[in-house]
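This is a predicted model, so every value here is computed, not measured.
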Amino acid sequence: MRMKILGLILCLAVAGIFSTYKLTESPKTWFDEGIFLQVARNVLTYGSSVLRVSPTDVVPAQLYATVGFPVIAPISLSFHLFGIGLLQARVVMVGYIVLLIAVCYLFVYRTWGFRVALLSTLIVATHAPLYGNGKNVLGEVPGLLFFFLLLSILYRLERRDGPARVLWICGGLAAGTFMATKPNFFLLAPILGLVALVCRKRLGLTWEHFVCGALGFLVPLVMYVLTQFAGTSSIGEIFTSYSNPSGIQQLTGLALPALVKKNLLLFVQQSTPAYLLLTFATWVVYVGLRIRRKIQIPVHEVVALGFVAVTIAYFLKMPGFFRYFFVAQIITFPYLVASLFAFVQRRQRRYAVTVIFIALAVFQAYQTLFSSFVAGYYRNTRTAELTAYFDALPPSTHMFFYHAPEAVTFFHGEHYSQYFKVLYYNDAVGKAQLDRLRAGAPDIVLMSASMAEEARPFLAKYREDRTLDHGNYLIFERK
């Protein structure tokens with residue numbers, strides 16, 4: 001028990017240090033995070049998922065805010081208690097990272113013991129993308145927390161470890177909350193349905209248990225529909241857009257077959273996807289050996305393996321951003337460590353495997369500190385520059401944000417308008433505001449530099465004043 005607690009403290013300390021260091025600077029706040037923070041901010045005023053496009057107008061945000069209440073609700077609460085700001089939002093994400101590490105460690109400890117728990121959780125805690133995707137306000141890390149809770153409950157159900165009805169309700173809650181976090185997490189639903197059907201005897205599934213699990217499952221999904229789609233009659237169309245974004249071909253310049261081929265090649269051309277391929281392949285080989293030897297695969301492992309497989313398949317049809325398979329990589333780590341220790345039976349070889357995993361964790365920690373995506377932003381000044389600029393503006397300033405939703409986080413009050421393009425859906429938010437911009441209604445325009453040429457026809461009544469964030473933002477003042 002002492003070693004268990006010490007191991008957990010070590011993993012939490014590593015995650016706590018990495019997740020809080022340069023919290024508001026690294027990674028830089030960006031487009032998606034800005035949209036989600038605006039929704040969390042507007043929930044306090046309107047009680048629904050909307051985006052402000054002018055001081056007096058809002059529009060539904062369902063299609064653009066692709067995270068659900070498990071992300072939005074705690075951030076809205078943080079804004080309510082501590083005020084609106086990037087720090088207040090990212091503190092919530094630190095909480096999710098720490099909870100994920102704790103739940104992952106306890107699940108692996110219960111399943112495979114201390115050594116596998118310590119090594120696999122340290123590999124998770126030193127994996128740089130955990131902080132690249134986890135410190136930003138996104139849905140991946142909160143989803144992983146609920147997924148590992150689900151795996152832990154499945155382990156206990158198969159072992160008959162605890163009151164069955166309570167476990168089924170908790171399992172349903174974990175699965176439903178996981179899916180409510182991000183639309184692509186609904187890929188878990190068919191896997192759970194198939195596993196429940198095929199493994200019903202191993203899980204001790206009765207009609208009573210099914211009802212308990214279904215009730216727990218439906219509660220977060222009903223909350224998701226009520227909070228995400230309030231006042232919307234086209235839920236089916238929105239989910240169709242989630243699953244098949246209309247702008248993918250335009251964004252990538254590739255038809256689906258060519259896009260899939262390009263993404264497949266990434267697994268042998270770039271280190272991050274190659275790392276996933278190597279770890280996942282090792283796990284699959286071990287699963288195959290057990291099947292060949294007629295050794296039963298645990299239910300939690302079947303669910304995890306199935307979800308990782310469909311997540312990788314989902315990545316193949318998307319633009320190729322590594323965030324789309326980040327969840328699969330984190331889920332794979334504990335099974336990789338457990339698989340290699342199962343492969344190696346002799347004590348001397350197990351020591352060697354232990355040394356290899358310790359070296360891997362040390363290497364990842366070094367990478368996180370010095371040569372990763374997050375390390376590249378430790379000296380980022382975006383937050384400081386935007387904060388200082390908006391702090392100096394008169395409260396009555398009417399601000400216009402042109403394709404810069406992330407900058408709204410730093411603006412005080414609601415006296416702003418905005419327009420931004422959503423390339424995934426061949427759409428834009430705030431199109432009606434462009435006429436007001438052309439007429440010179442806003443006092444100041446903050447624009448993403450990438451949109452400078454496109455926006456010039458609307459800026460005849462403005463002059464360029466300055467740049468922020470090393471030229472990433474252009475500021476225009478009314479002439």
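- Evaluated for a side chain to side chain contact (heavy atoms under 4.5 Å, CB included) with I330, the options V141, V308, V124 yield exactly one hit, V124.
- Aromatic rings of Y224 and F69 (six-membered ring for Trp) have centroids beyond the 6.0 Å cut-off, not under it.
- No more than 12 heavy atoms of other residues, nucleotides or ligands shown are found within 6.0 angstrom of NZ on K421.
- With T368 as reference, V374 is the one residue of L130, V374, V14 to meet the side chain to side chain contact (heavy atoms under 4.5 Å, CB included) rule.
- Residue F210 places its CZ atom among 12 or fewer non-hydrogen atoms of other residues, nucleotides or ligands, all under 6.0 Å distant.
- In the displayed structure, R292 atom CZ is contacted under 6.0 Å by at most 12 heavy atoms of other residues, nucleotides or ligands.
- Atom CZ in R159 sits 11.0 Å away from atom CZ in R202 (nearest 0.5 Å).
- With values rounded to the nearest 0.5 angstrom, L266 atom CG is found 11.5 Å from F321 atom CZ.
- Here the CG-CG distance, from L144 to L149, works out to 11.0 Å after rounding to the nearest 0.5 Å.
- Counted by atom type alone, Y335 and H300 present one or more donor-acceptor pairs between their side chains at under 3.5 Å.
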Between E33 and K28, does the salt bridge (charged side-chain N to carboxylate O under 4.0 Å, His left out) criterion hold? Intermediate values first, please. CA-CA 10 Å; E33 182 176 37; K28 68 178 179 180; over 6 Å; no
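- Here the closest heavy-atom approach between residue N263 and residue M318 is recorded as ND2-O, 2.8 Å.
- Contact annotation: the side chain of F322 never approaches that of P129 to less than 4.5 Å [non-hydrogen atoms, C-beta and beyond].
- A 4.5 Å side-chain heavy-atom check between C11 and L118 finds at least one atom pair inside the cut-off.
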Could you walk me through whether R290 and E301 pass the salt bridge (charged side-chain N to carboxylate O under 4.0 Å, His left out) test, one step at a time? CA-CA 12 Å; R290 282 179 289 167; E301 189 169 359; 2.5 Å; yes
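- Using a 30° and 60° split on the angle between ring planes, F341 and F357 fall in the tilted class, from 30° to 60°.
- Residue-environment remark: OH (Y366) stays at or below the threshold of 12 foreign heavy atoms within 6.0 Å.
- The shortest side-chain heavy-atom distance between I72 and S49 does not fall under the 4.5 Å cut-off.
- Atoms CD and OG1, from Q329 and T311 in turn, are 12.0 Å apart once rounded to the nearest 0.5 Å.
- Contact check on D161 versus R110 returns a salt bridge, with a Lys/Arg side-chain nitrogen under 4.0 Å from an Asp/Glu carboxylate oxygen.
- Atoms CG and CD1, from L12 and I17 in turn, are 11.0 Å apart once rounded to the nearest 0.5 Å.
- Partner of F267 under the ring-ring contact (aromatic ring centres under 6.0 Å, His included) criterion, chosen from F315, Y275, F280: F315.
- When ring centroids are compared, F307 and F147 come within the 6.0 Å threshold.
- To the nearest 0.5 Å, atom CZ of residue F410 and atom CD1 of residue I84 are 12.5 Å apart.
- Counted by atom type alone, N136 and Y131 present zero donor-acceptor pairs between their side chains at under 3.5 Å.
- Residue pairs satisfying the side chain to side chain donor-acceptor pair (under 3.5 Å) criterion with at least one member in residues 3-21, sequence neighbours excluded, are absent.
- Identified under the ring pair (Phe, Tyr, Trp, His ring centres under 6.0 Å) test for residues 30-50, with sequence neighbours left out: F31-H403, F31-F420.
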